[in-house]
Novice: 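I have a structure here, written as structure tokens, and I will follow up with some questions on it.
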2 protein chains.
Amino acid sequence: MAGKADGGSSITNVAAMANVSIATVSRVLSGKRSKDDDIARRVREAAKQLGYSVNYAASALRSDVTKTIGLVIPSATDAFAAQLLDTIEPTIDVESQQLLLGIGATQEAQKERIESLIDRHVDGLIVMPAPGADHAETLSRHADALPIVQIGGRQTSPHVSMVGIDEDVAMETVVRHLTEQGIASVAYMAGNELSFESAELFTMFHTHLRTYGLATDEDWNRFGACTVQRGFDCAMRLFNGPIVQPEAVVCADDTIAFGVMVALDALGIRVPEDVLVVGYHDSPIARTTMPQLTSMRAPFERIVSECLQLLASSPAGGAAETTDASGGNVRAPRVMLAPQLIVRDSSVFRR
Amino acid sequence: MAGKADGGSSITNVAAMANVSIATVSRVLSGKRSKDDDIARRVREAAKQLGYSVNYAASALRSDVTKTIGLVIPSATDAFAAQLLDTIEPTIDVESQQLLLGIGATQEAQKERIESLIDRHVDGLIVMPAPGADHAETLSRHADALPIVQIGGRQTSPHVSMVGIDEDVAMETVVRHLTEQGIASVAYMAGNELSFESAELFTMFHTHLRTYGLATDEDWNRFGACTVQRGFDCAMRLFNGPIVQPEAVVCADDTIAFGVMVALDALGIRVPEDVLVVGYHDSPIARTTMPQLTSMRAPFERIVSECLQLLASSPAGGAAETTDASGGNVRAPRVMLAPQLIVRDSSVFRR
DNA sequence: CTGAAAGCGCTAACAT
DNA sequence: ATGTTAGCGCTTTCAG
């Protein structure tokens, strides 16, 4: 009874062994105590010896702090979500916080996860919306009860803080890089034409193309699937026949870029000597192509640290502040982070 | 105060509104009550109207059931782990159970997650060991406190149940499939030679090769990295020059198979007309190659259902039973599941 | 700074 | 079958 799952002891045992009250033990172990005197040492020693660890249920019941943060993602096989998971999990100290995971591929499924996590009284909630999902209503309804951060996605309530990728800067970075390599014409293989993100990226790309004075052609710019096959087919169309060919190809996903490189290889066109290729999303594949693929990577470390900081700084229900602090309508913070271009061989002319 | 995070009410409010005692509310809402009479309806109605949901902390404190299960994986970017996550999360009913996730790429990191999860009193723990990690000691030390299931990995304590992939059957399936296609010689591109799994697969492959009477060659069987580049290089070596060439290539990973197909394409060798190719792990890439790649897939649905069943059937501390039930040393169950071969175009001769 | 004591909301005995 | 009641282990007043 006394010794089962945990070290087998409650705060009472520790208190007895250290000859102090349970209140003191609680204070010492939770750091709510100034001095580091003999008493503190005695308590820690006893706790260690008994293999004591707090009962989070009891702690949560009393203090309303569950030491858990909820994370909702669309799918673990999504490369972005997976990298997010791998970055966020080691960042939160496992001793003081744990990750409660919810996966939902649709708006409905995600909503269910979100509400369920909130029912669990998570201390904070991070939501990466599924493509096309709009959680503005759901999230803002809870924003005064706990800090919430949304990662990416379009729709947001003004009461929910958000961390996003600045795709505009991303595209400018790509175009500038190509300009610096001295090329003058570029093709762009966009993603799915039904996706808002694809359309947005497409527009931004062309804006920056004009800014930097690079040439392109309507035939060189098509929407399509993010598959190897599609990249292969498009590259075949562009490079097998036409007299005028682009000097560089930018792809909305590494998979497409891969198909492009396979096609170029089959046509005897060398990368990067004859054509430069740039991918997107920096998937693991980028490091295994020949030559290795230059690609755009989201700054996961910064995304995660911004998220955690926003959760921490939200005064236990961020939105509550938005109305009473200044009296006006203070929007929750929105942080846009620039991705970084991982420059590899596929986009650098060899000297 | 009454209404913050949750619907704003405790069991007391519900009881008052339904004109019953809190005990009855608890019983009705937790299903521990036979009839579905007027009282039950009144309680549910009140709960719904108040937006009531149980306080899991209080519930856990009292009953020692946290309604959480812990899952420890090496990395979310690992394809197997990611698919496991995507399969397991929707399987556990979010209303009654939540997933506490731990990620650790090393034995040490995983051990820390495991102990921390156990400190949290998860109701069950699923561990997918990092490559080479041995948690036998850690897990068996806790096996009498809560049900634990290990997925894959080599080392296990006899007190910890485990679900694994039967690679032997997998290899036999591959070889049989090729035999049925009428081919007589096969090359094998193994994974990392330092990995025990790679060596095991390699051995099994050759065993079945002999059983089915297929030919191979020492030069056709090499260990190496699981990258496109490696597959490309190996295929170039095998198919560009030598008079005698294999009729089929089996790869220990889809990535390798991809490289092989690129090389064959560059050499003007057609798949599947001239050479059959089979991959492993059925990564998303397999569906995007040209032609689509035949590959081996782990039966995630069965893995997950077996895991959950093992957790549920373990009598709240599985190993406790292993000593006192029969008096003898009853080993915890070990379930080996056969992967399935996803047959696509790359391994089927066109008629 | 420390100790005593009051609950947090719920479940499981125990009565009825 | 329902109600009454005693805590689960902890944090946090409130005194000293």
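In what follows, chains carry the letters A, B, and so on, assigned in the order in which the sequence lines appear, proteins first and then strands, with residues in each chain numbered from 1. Predicted model only: the values in this text are computed from it and were never measured. What's counted below: heavy atoms across the whole structure, side chains too, no hydrogens, waters or symmetry copies.
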Novice: Can you tell me if the side-chain N/O atoms of B:S26 get under 4.0 Å from OP1 or OP2 in C:dT11?
Specialist: yes

Novice: Over all strands shown, is B:I22 touching base, sugar-phosphate only, or nothing at heavy-atom distances under 4.0 angstrom?
Specialist: base

Novice: For the pair made of CZ in A:R33 and C1' in C:dG3, what is the distance, rounded to whole Å?
Specialist: 13 Å

Novice: Between A:R113 and A:I103, is any pair of side-chain heavy atoms under 4.5 Å apart?
Specialist: no

Novice: Map A:A23 and B:A23 onto DNA chain C by nearest heavy atom, then report which one ends up closer to the 5' terminus.
Specialist: A:A23

Novice: Among residues 56-67 of chain A, which ones have heavy-atom contacts with DNA chain C below 4.0 Å?
Specialist: A:L61, A:R62

Novice: Going by salt bridge (charged side-chain N to carboxylate O under 4.0 Å, His left out), name the pairs with one or both residues in residues 150-164 of chain B, residues two or more places apart or in two chains.
Specialist: B:R154-B:E200

Novice: Please determine, for the side chain of B:T24, which listed nucleotide (D:dT2, D:dG9, C:dC10) has the closest atom?
Specialist: D:dT2

Novice: Take atom NE2 of B:H121 and atom C1' of C:dT11, then tell me their distance rounded to the nearest Å.
Specialist: 17 Å

Novice: In the structure I gave you, are the side-chain heavy atoms of B:L85 and B:L101 within less than 4.5 Å of one another anywhere?
Specialist: yes

Novice: Can you give me the closest heavy-atom contact between A:G104 and A:A130, atom names plus distance?
Specialist: O-CB, 4.1 Å

Novice: Could you tell me how far apart A:D119 (CG) and C:dG9 (P) are, to the nearest whole angstrom?
Specialist: 15 Å

Novice: Could you please name the option among D:dT2, C:dG9, C:dA5 that lies closest to any side-chain atom of B:I39?
Specialist: D:dT2

Novice: Between B:V149 and B:M162, is any pair of side-chain heavy atoms under 4.5 Å apart?
Specialist: no

Novice: Taking A:Q97's backbone N and O only, do any of them form a donor-acceptor pair with A:T68's side chain (distance below 3.5 Å, no angle check)?
Specialist: no

Novice: Hey, does the side chain of B:S9 reach the backbone of B:L50 with a donor-acceptor pair shorter than 3.5 angstrom?
Specialist: yes

Novice: For the helix from C:dC1-D:dG16 to C:dT16-D:dA1, measure the angle between the helix axis at one end and the axis at the other, each built from five pairs, rounding to 10°.
Specialist: 30°

Novice: Any sub-3.5 Å donor-acceptor pair from A:D86's side-chain atoms to B:S75's backbone N or O?
Specialist: no

Novice: Verify, without hydrogens or angle tests, whether B:D37 (side chain) and B:A40 (backbone) share a donor-acceptor contact under 3.5 angstrom.
Specialist: yes

Novice: Tell me: CG of B:D38 to C1' of D:dT2, nearest whole Å?
Specialist: 15 Å

Novice: Report the distance from atom CD1 of A:I11 to atom P of D:dC8, rounded to the nearest whole Å.
Specialist: 14 Å

Novice: If you check every side-chain atom of A:K32, which of D:dT12, C:dC10, D:dG3 has the closest atom?
Specialist: D:dT12

Novice: Could you list the protein-to-nucleotides 14-16 of chain D atom pairs, N/O on both sides, closer than 3.5 Å?
Specialist:
none

Novice: Check whether any side-chain heavy atom of A:I126 lies under 4.5 Å from a side-chain heavy atom of A:Q150, and answer yes or no.
Specialist: no

Novice: What nucleotide among D:dT2, D:dC10, C:dA4 has an atom nearest to a side-chain atom of A:N55?
Specialist: D:dC10

Novice: Only pairs at least two apart or in different chains count here, so list each salt bridge (charged side-chain N to carboxylate O under 4.0 Å, His left out) that has a residue in residues 53-75 of chain A.
Specialist: none

Novice: Would you mind listing every side-chain hydrogen bond (donor to acceptor under 3.5 Å, both in side chains) that reaches into residues 20-29 of chain B, with sequence neighbours excluded?
Specialist: B:S21-B:T24

